[in-house]
Each structure stands twice: as C-alpha cells, then as structure tokens.
Protein chains: 4
Amino acid sequence: MAVEKRDKIIESALKLFEQKGYHSTKVSDIVKDAGMAQGTFYLYFKSKEDLFRSVAEECLKEIVDALKPESDDHPDVGNGQMHDGLIRETLIIYYQNRTILNILKRHGAASPEIADIAKQFYGNVCEVVKGIFKHYNVYPGYTDEQLEMTAYAEIGMLEMVAYQWFIEKGYGLEKLDLLAEVLIGINVNCLPETDVIGE
Amino acid sequence: MAVEKRDKIIESALKLFEQKGYHSTKVSDIVKDAGMAQGTFYLYFKSKEDLFRSVAEECLKEIVDALKPESDDHPDVGNGQMHDGLIRETLIIYYQNRTILNILKRHGAASPEIADIAKQFYGNVCEVVKGIFKHYNVYPGYTDEQLEMTAYAEIGMLEMVAYQWFIEKGYGLEKLDLLAEVLIGINVNCLPETDVIGE
Amino acid sequence: MAVEKRDKIIESALKLFEQKGYHSTKVSDIVKDAGMAQGTFYLYFKSKEDLFRSVAEECLKEIVDALKPESDDHPDVGNGQMHDGLIRETLIIYYQNRTILNILKRHGAASPEIADIAKQFYGNVCEVVKGIFKHYNVYPGYTDEQLEMTAYAEIGMLEMVAYQWFIEKGYGLEKLDLLAEVLIGINVNCLPETDVIGE
Amino acid sequence: MAVEKRDKIIESALKLFEQKGYHSTKVSDIVKDAGMAQGTFYLYFKSKEDLFRSVAEECLKEIVDALKPESDDHPDVGNGQMHDGLIRETLIIYYQNRTILNILKRHGAASPEIADIAKQFYGNVCEVVKGIFKHYNVYPGYTDEQLEMTAYAEIGMLEMVAYQWFIEKGYGLEKLDLLAEVLIGINVNCLPETDVIGE
DNA sequence: TATGAATGAGTCTTCATTCAT
DNA sequence: AATGAATGAAGACTCATTCAT
C-alpha cells in the first residue's frame with residue numbers, strides 16, 4: 001500500500017515533469033494526478049526537491065550501471081563490433097529511460113538546487129565510457145584528457161540524437177538501426193582497416 | 001540613454017541567468033544589478049519572459065548567421081580542411097557565445113514558456129549544418145534523414161565538449177587545438193584517403 | 001492498561017510542553033515520546049486542547065487545594081510564623097509543581113483557547129490567599145479590594161522568584177531558605193511588633 | 001508614507017496580538033486590519049516573528065530606559081518617598097505600555113522563538129531595579145543574590161497587580177493611588193522609622 | 001523616462017484530526 | 001483498544017507586475 005502510493009507519486013511526477021517541466025509542475029498537480037491528498041505527498045517525500053532528487057538519483061544510478069560493461073556483456077569480438085554494440089546499447093538504454101533522461105537534460109543544469117545531480121551523472125557516465133575505451137583500446141595512444149574529450153563528445157552525440165528522435169520526433173526503436181548506422185558512420189577511426197559507411 | 005539602459009538590463013540578465021538560472025533570477029535581482037528601479041525594467045521589456053526571448057532570439061540568430069558559410073568564408077580547400085575548419089569555427093563561436101549558449105542549454109527545454117526558442121534554434125543550426133554537408137558533399141549518398149541525424153550528432157558532440165571545457169572546467173581557447181583534434185579524430189569518414197589522427 | 005496509556009500521554013505532554021511550549025509541541029511529538037500511535041491519542045483525549053485542559057485543570061485544582069489551610073495545617077501559631085510558613089509552603093508547592101506552573105505561566109494567557117484556565121486558576125488562588133489573610137487577620141482594616149490587591153501582589157512576587165530560581169536558574173529547594181527570608185524581608189507589615197529580618 | 005504604513009502595521013499587530021495572541025493572529029489578519037495587501041507586510045518586516053521582535057525590542061528598550069533613574073528624576077528625598085515614587089512611576093509606565101507588556105507577559109516564554117526577548121527584558125529590568133536599590137541603599141547589607149531576589153519579587157508583584165487591574169479588570173490610572181498604597185504596605189522594611197501604611 | 005511602493009494571486013508546507021483495518 | 005496512513009484546511013511567504021508620482 002505504502003509503496004504503491006509512493007510509486008504512484010513518482011509515476012505522476014515523471015509524467016508531469018516531462019510534460020510541463022519541474023518548475024511548472026506544482027505539488028498540487030502531482031497529487032491530483034496521483035489521486036491523493038496534498039498531505040499524503042509529504043508522507044513519502046520531504047519536499048518537491050526531495051522527490052526530484054530521489055527519483056533522479058535512483059534512475060540515473062541504474063542507467064550508469066546498465067552502461068557498465070559486465071563480464072560477458074562485451075565479449076572481445078573485435079573493435080568494430082564492440083563500438084557498434086555500445087552505441088546500440090546506449091541508444092536502447094536512452095530510449096528505455098527517455099523520460100528521466102529527458103527530464104535530466106531539461107532540468108539538469110537549469111535549477112541550481114538540483115544541478116549537482118546532472119553534474120555527477122555526466123561525470124559517472126564519462127568515467128564508464130572512458131573505461132570502455134581503455135578496456136577495448138579503442139583510442140590507443142590517447143592521453144586521459146583526450147579520452148575524456150572523446151567520451152564527452154560521444155555522450156553529447158548520443159544524447160542529442162536520442163533527444164531529437166525519441167523525444168522531439170517521438171519515434172520508437174524502429175529508428176535504432178538507422179541511428180546506429182549513422183553514428184557509426186561518424187565514429188570510424190576505430191576501424192582504419194575497413195571500409196567506411198557505404199556498404 | 002534608452003538604449004544604454006536596455007543594454008544594461010540585458011547584460012545583467014545574462015550574467016545572472018548564467019550564474020543562478022532563469023527561475024532563480026528575480027526581476028529584482030536584475031534591476032538591482034543593473035542599478036535601476038524595478039519599474040524601469042517594464043519600460044524596456046513586457047515581462048521577464050519577454051526579456052529572455054528578446055535576448056535569446058537575437059543572440060541565437062547571430063550565432064546561426066555566423067555558422068552560415070559565407071561566400072568567401074569556406075573557399076573550396078578540400079574536404080579535410082573544410083571539416084576541420086568548421087569544427088574550429090564552431091568551437092570558437094561557442095566559446096564567444098558561451099554565456100547565451102550555456103543559458104540556452106540549461107533552460108532551453110526546461111521552461112515550457114521558452115522551449116520554442118531552443119527548438120527553433122536547434123532546428124536552424126541543423127539546417128545550416130546540413131547545408132554545409134550538402135555543399136561540400138561531405139556525406140555523399142546520405143538521405144536527408146541521415147544527414148539530419150549526422151548534423152544533430154555533430155551538434156551534440158560540439159555542444160557537450162564545449163559545455164564541459166568552456167563552462168564546467170572554465171578553460172579558454174587554449175584548449176581549442178586539442179578539442180578540435182580529438183573531434184576530428186572521431187569524424188574521419190570524410191577523409192578516407194588520409195591517415196586518421198595523425199600522431 | 002488504559003489508564004497507563006493515558007498517564008503516559010500526560011507525562012510526555014508535560015515534558016514536551018515545558019521544553020518546547022504548547023504550540024511547538026505537536027501531537028506527533030507527544031505520541032512518539034509516549035511510544036504509541038497517533039490514533040491512540042484520540043482514544044484518550046478529544047483534542048490537543050482537551051489534553052491541555054485536562055492536565056491543567058487537574059493539576060491546578062490540586063495546587064489550589066494544597067494552598068488551602070486545612071484545619072490543622074495552619075494552627076494559630078502567631079502572625080509572624082504564619083506568614084513565613086505560608087511563603088515557604090507556597091514556594092515548596094511551586095517547586096513541586098514547577099512543571100505545570102511553568103507551563104501555565106507560559107501559556108496561561110498566550111493562547112486564547114486556554115486562557116480561561118489561567119484566569120480561573122489565579123482567581124482561585126487569590127481567593128485562597130485572601131481567605132488566609134482574613135483568617136489570620138494579617139491585614140486588619142483592609143477593604144476587600146485592598147486584600148485582593150495584596151493577594152495578587154504576593155502571588156506575583158512568589159511566582160516570579162520561583163520562576164527565576166526554580167525554572168530559569170534551575171535551582172532546587174536548597175535556595176528555599178534564602179528566598180523565604182528575602183520575601184519575608186519585603187513582607188514585614190504583618191510583623192509590626194517584631195524585628196525585621198534580623199540583621 | 002513608508003513610515004506611516006510601517007506604523008500602521010505595528011498598530012494593528014499590537015491590537016490583534018493583545019486581542020487574540022501571537023499564534024492566533026495571522027499575517028492576513030494584520031494586513032486586513034491595517035488596510036493593505038499581504039505583500040506589503042513583507043516590505044517592512046522580514047517575517048511575522050521579525051515584526052514581533054522589532055516591536056518588542058524597541059518598546060522594551062524604551063521601558064527599561066524609562067525605569068532608569070535619571071539624574072534629577074529621583075532627587076534624594078529620602079527612602080520612603082523614593083520607594084513610593086518608584087512604585088508609582090513603574091505602575092504608570094506599566095499602564096502606559098500595558099499593551100506591549102501584556103503581550104510580552106503572555107508570549108514572552110510561551111514561544112521558544114521569541115523567548116529570548118522576554119528573558120533579556122526581565123534581566124535588564126532586574127539590573128535597573130538592583131541599581132536603584134543600591135543607589136538608595138534600600139536594602140543595606142544584602143548580598144547581590146538577595147538584591148536580585150528582591151528585585152524580581154518586586155517586579156513580579158508590580159507586574160501581577162498591573163496585569164490584573166489594568167488588563168484583566170480594565171481600570172485606568174484611577175486605581176493608581178490605591179495600588180501604590182497597598183504595594184507600599186507590603187514594602188515597609190525600607191521605612192523602619194516611619195509608620196507603616198499610615199492610616 | 002524613471003521611480004519604488006504596493007499589489008495579490010499563487011505555492012509549498014504543516015499538522016490536528018479521522019478512519020479503515 | 002490500537003494502529004498509522006490518509007486527509008485537507010490553513011497560513012506564511014514570494015515575486016512578477018502595476019501605477020501614482
């Protein structure tokens with residue numbers, strides 16, 4: 001019962017935050033949508049900001065974990081495959097978590113009170129991606145700073161296309177192949193011996 | 001006189017929006033910083049939102065124009081140079097306009113009332129980049145959708161690294177070469193005949 | 001069982017009312033301190049105000065009764081002794097009931113909803129003291145109004161020193177002798193024939 | 001204009017605080033009574049508590065100052081006259097400031113957030129009274145602690161009768177003579193050589 | 001044009017009380 | 001008798017905007 005109500009609040013909040021943004025979503029909107037009284041909200045969350053933090057931190061931790069290569073997840077199948085796999089997986093994760101990622105993208109840095117969440121999230125994701133680069137030796141000879149730049153570049157790339165196609169244009173995974181193909185078309189330096197896009 | 005006051009408001013607003021965000025910046029903060037009375041603000045702007053729109057639209061139009069290849073700006077010097085030049089130029093533009101671009105990135109989609117500004121801005125930039133791709137035939141054989149995806153990917157890439165290095169880390173243009181080099185290291189498909197990163 | 005719970009509530013309430021005051025003490029604080037559920041409170045008291053009234057009225061009635069000269073309690077030992085005894089006894093009663101008297105002093109008139117309790121209490125105490133004055137003929141020739149004034153003056157005097165020494169300064173009965181001596185030093189008209197304090 | 005509004009708020013607040021108490025008086029009540037908008041209140045006071053503190057501290061400082069014997073205020077006319085004069089003066093001051101003193105008595109210790117005001121006030125008054133006792137050598141041979149006890153006793157005495165006659169019973173200064181006479185009837189040790197109450 | 005005092009709708013949050021179990 | 005989740009009315013405070021001067 002208790003958990004159900006808490007979940008109902010989170011569900012309503014995510015929906016409304018995405019629709020109207022954090023600032024325009026009132027606590028009264030959330031509880032109305034969740035079908036409960038104003039006071040009930042405060043049984044489960046200390047404040048509106050606490051709700052945001054709770055949800056965001058929880059979801060984002062899951063996303064970072066999902067990105068982390070698990071032992072067998074990325075068997076050494078060669079660089080080309082690896083990168084293609086990583087991009088596809090990341091796009092899928094983005095798609096599955098598009099609601100919270102959208103909210104984060106929209107409010108991450110916009111509200112000083114919750115800016116640290118986004119900052120830490122991007123920091124974590126960057127570390128994971130750098131780790132992958134190192135593990136598969138994707139960018140041999142790169143300094144740590146160069147790896148970091150590359151990681152952020154890739155993250156920005158993925159985030160932007162995911163935002164435009166999954167959120168703005170509202171597509172689903174039917175665009176996955178096309179997006180992955182194009183993104184790999186940009187990321188070809190790991191495949192110096194193969195032909196580029198064209199096949 | 002009139003123009004000076006208007007400009008002073010814009011200047012203060014940009015500073016404060018970047019420091020504290022749109023929602024946390026009160027009109028009273030702006031006028032206090034600008035050294036004028038509360039009511040004066042409304043002689044120059046219909047509302048707080050109007051101020052944001054005025055500033056954003058104006059700045060963003062300039063940025064889009066700056067990105068547009070002018071007749072002599074991109075002489076046909078070959079694909080390799082072109083892309084390198086575009087990335088450098090864009091990074092420089094981002095650096096020069098980092099304040100407004102930061103604000104836009106932070107509030108673009110966060111506030112429903114001003115979301116359309118960001119949407120239109122990205123749409124315009126995307127068109128310009130697609131135009132460049134077409135003009136120099138960077139991605140031959142690509143459909144329009146593929147070009148759009150590629151354009152957004154490049155924009156996301158640039159925006160993310162610029163944000164991280166120029167805003168978060170606070171670097172200046174001394175990182176330009178390194179950033180450009182790395183970004184070109186990702187974007188190599190336009191240079192099938194040259195060596196990759198080159199080191 | 002039932003009585004135990006009720007007493008536990010009263011005990012916790014007195015403690016908390018004294019610590020934090022009536023308004024700052026929440027029903028939830030009381031039940032938490034008493035180790036029971038929120039709803040249990042309302043099995044024993046109609047409301048928070050009802051709790052206050054119940055406790056206050058009960059305690060205060062005891063105090064008034066304690067002040068009343070019982071048949072053998074104040075044997076006619078002469079005026080000097082009488083007054084000294086009354087002051088000592090009253091101070092002791094104040095000390096023993098310092099919790100509720102402190103609460104009453106603090107909230108007596110502060111909260112309109114419970115103001116009548118304090119008003120009635122002081123009225124009763126005044127009557128008792130007047131009765132003592134009459135019984136021992138302490139202020140011969142005084143009109144009823146003068147007696148009432150004197151009674152209130154003595155009550156105010158005792159209450160203030162008791163508050164300052166027993167509550168604010170936190171002393172115990174070790175200051176009783178000194179306080180009584182000083183108070184009697186002020187109240188000397190009842191002893192025209194004896195030496196004053198004894199220096 | 002500005003001062004007028006601020007004064008109007010104070011005036012309304014004092015009236016309402018006295019009528020209904022601090023906690024039962026809403027900011028909305030105050031501004032309604034003062035005939036202005038809710039927001040106007042916050043132009044002049046940071047919060048409801050700030051209003052209370054501002055008013056209380058200001059008034060109480062005045063009262064303490066008024067109690068302080070000024071050079072010619074208490075010409076050396078002998079102890080008997082002095083004490084009589086002090087009691088009369090204090091009663092008059094209490095009467096003139098009965099509103100704020102009543103509010104202080106009612107809320108002084110009742111609200112933890114403003115308890116320090118009352119504590120400091122009584123501390124100050126005690127010091128002033130002790131100073132008077134010392135100056136006129138009213139209680140020769142008393143230790144400082146005894147003087148402090150006596151001072152608090154006198155303060156409690158005066159406060160209680162003033163509260164009962166000026167506030168509860170609503171009398172004005174027509175009772176001054178009678179009250180002073182009775183209080184002096186209690187305070188006779190300073191006049192060993194004169195007749196007591198005199199009738 | 002400039003001022004800044006005044007406005008009041010809007011929002012979060014609290015907490016005494018109720019009620020289904 | 002006991003629980004504790006749920007309620008919702010109420011109140012302090014904010015801040016974009018207006019307007020008389």
Side-chain angles (χ1 to χ4, degrees), chain A residues 1-6 9 23-32 34-51, chain B residues 1-6 23-32 34-51 113, chain C residues 1-6 23-32 34-51 113, chain D residues 1-6 9 23-32 34-51:
Chain A
M1 182 69 117
V3 172
E4 285 165 24
K5 280 225 192 286
R6 199 187 127 99
I9 292 174
H23 284 102
S24 302
T25 301
K26 316 302 169 199
V27 173
S28 61
D29 295 333
I30 297 172
V31 296
K32 199 186 299 163
M36 61 189 69
Q38 192 88 349
T40 307
F41 179 92
Y42 291 90
L43 292 178
Y44 299 99
F45 299 97
K46 273 212 319 288
S47 65
K48 190 182 159 187
E49 185 182 330
D50 178 48
L51 163 67
Chain B
M1 181 64 132
V3 172
E4 284 167 24
K5 279 216 195 291
R6 200 188 127 97
H23 283 101
S24 302
T25 301
K26 300 164 209 157
V27 173
S28 62
D29 294 332
I30 297 172
V31 294
K32 199 185 301 165
M36 61 189 70
Q38 194 88 342
T40 308
F41 179 91
Y42 290 88
L43 294 176
Y44 299 99
F45 299 96
K46 262 207 339 277
S47 65
K48 189 182 163 186
E49 185 183 330
D50 178 46
L51 162 67
E113 62 265 35
Chain C
M1 184 65 133
V3 172
E4 285 166 22
K5 278 216 195 293
R6 199 188 128 99
H23 282 102
S24 301
T25 300
K26 300 165 211 159
V27 173
S28 63
D29 293 332
I30 296 172
V31 296
K32 198 186 300 165
M36 62 190 71
Q38 194 90 341
T40 308
F41 179 91
Y42 290 88
L43 294 176
Y44 298 100
F45 299 97
K46 263 207 338 279
S47 65
K48 189 182 164 187
E49 184 183 330
D50 178 45
L51 162 68
E113 62 264 35
Chain D
M1 182 69 118
V3 171
E4 286 165 24
K5 281 226 192 284
R6 199 188 127 97
I9 292 173
H23 283 101
S24 302
T25 300
K26 317 302 169 200
V27 173
S28 61
D29 294 333
I30 297 172
V31 295
K32 199 185 300 164
M36 61 189 69
Q38 190 89 349
T40 307
F41 178 92
Y42 292 91
L43 292 178
Y44 299 99
F45 300 96
K46 271 212 321 286
S47 65
K48 190 183 159 187
E49 185 182 329
D50 178 47
L51 162 67

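Numbered from 1 within each chain, the chains take letters A, B, ... in sequence-line order.
Atom CD1 of A:Ile9 and atom P of F:dT7 are 10 Å apart (whole Å). Atom-to-atom, CG of D:Asp50 to P of F:dA12 comes out at 14 Å; the value is rounded to the nearest Å. To the nearest angstrom, C1' of F:dC13 lies 16 Å from CG of D:Asp29. Summarising the geometry, the separation between CD1 on C:Ile30 and C1' on E:dA16 is reported as 11 Å, rounded to the nearest angstrom. Distance, C:Lys32 NZ to F:dG4 P: 13 Å, rounded to whole Å. One atom, CG of B:Leu51, and another, P of F:dT17, lie 11 Å apart when rounded to the nearest Å. Rounded to whole Å, atom C1' of E:dT18 lies 12 Å from atom CG of C:Leu43.
When all heavy atoms of C:Val31 and C:Ser28 are compared, the pair lying nearest together is CG2-O, 3.3 Å. Shortest non-hydrogen contact noted between D:Lys48 and D:Thr25 is NZ-O, 2.9 Å.
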Dot-bracket summary - DNA chain E, pairs being Watson-Crick or G-U whose distances fall under 3.5 Å, with | when paired to another strand: .||||||||||||||||||||
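Here D:Tyr42 pairs with nothing under the ring-ring contact (aromatic ring centres under 6.0 Å, His included) rule; sequence neighbours left out. Looking at residues two or more places apart in sequence or on another chain, you find a side-chain hydrogen bond (donor to acceptor under 3.5 Å, both in side chains) between D:Glu49 and D:Arg53.
Checked by atom type and distance alone, the side chain of B:Lys26 never pairs as donor or acceptor with a backbone atom of B:His23 at under 3.5 Å.
To the nearest 0.5 Å, the span separating NZ on B:Lys5 from CE on B:Met36 amounts to 5.0 Å. Rounded to the nearest 0.5 Å, atoms CZ (B:Arg6) and CG (B:Leu51) are 8.5 Å apart. Of the inter-residue distances, the one linking D:Ile9 atom CD1 with D:Ile30 atom CD1 reads 8.0 Å to the nearest 0.5 angstrom.
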Where do N or O atoms of nucleotides 10-14 of chain E meet protein N or O atoms at under 3.5 Å, pair by pair?
from, atom 1, to, atom 2, distance (Å)
E:dT11, OP1, A:Lys26, NZ, 3.2
E:dC12, OP1, A:Val27, N, 3.4
E:dC12, OP2, A:Val27, N, 3.2
E:dT13, OP2, A:Tyr42, OH, 3.0
E:dT13, OP2, A:Lys48, N, 3.2
E:dT13, O4, A:Gln38, NE2, 3.3

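Considering only side-chain atoms of C:Ala37, the nucleotide from E:dG8, F:dT3, F:dT7 that sits closest is F:dT3.
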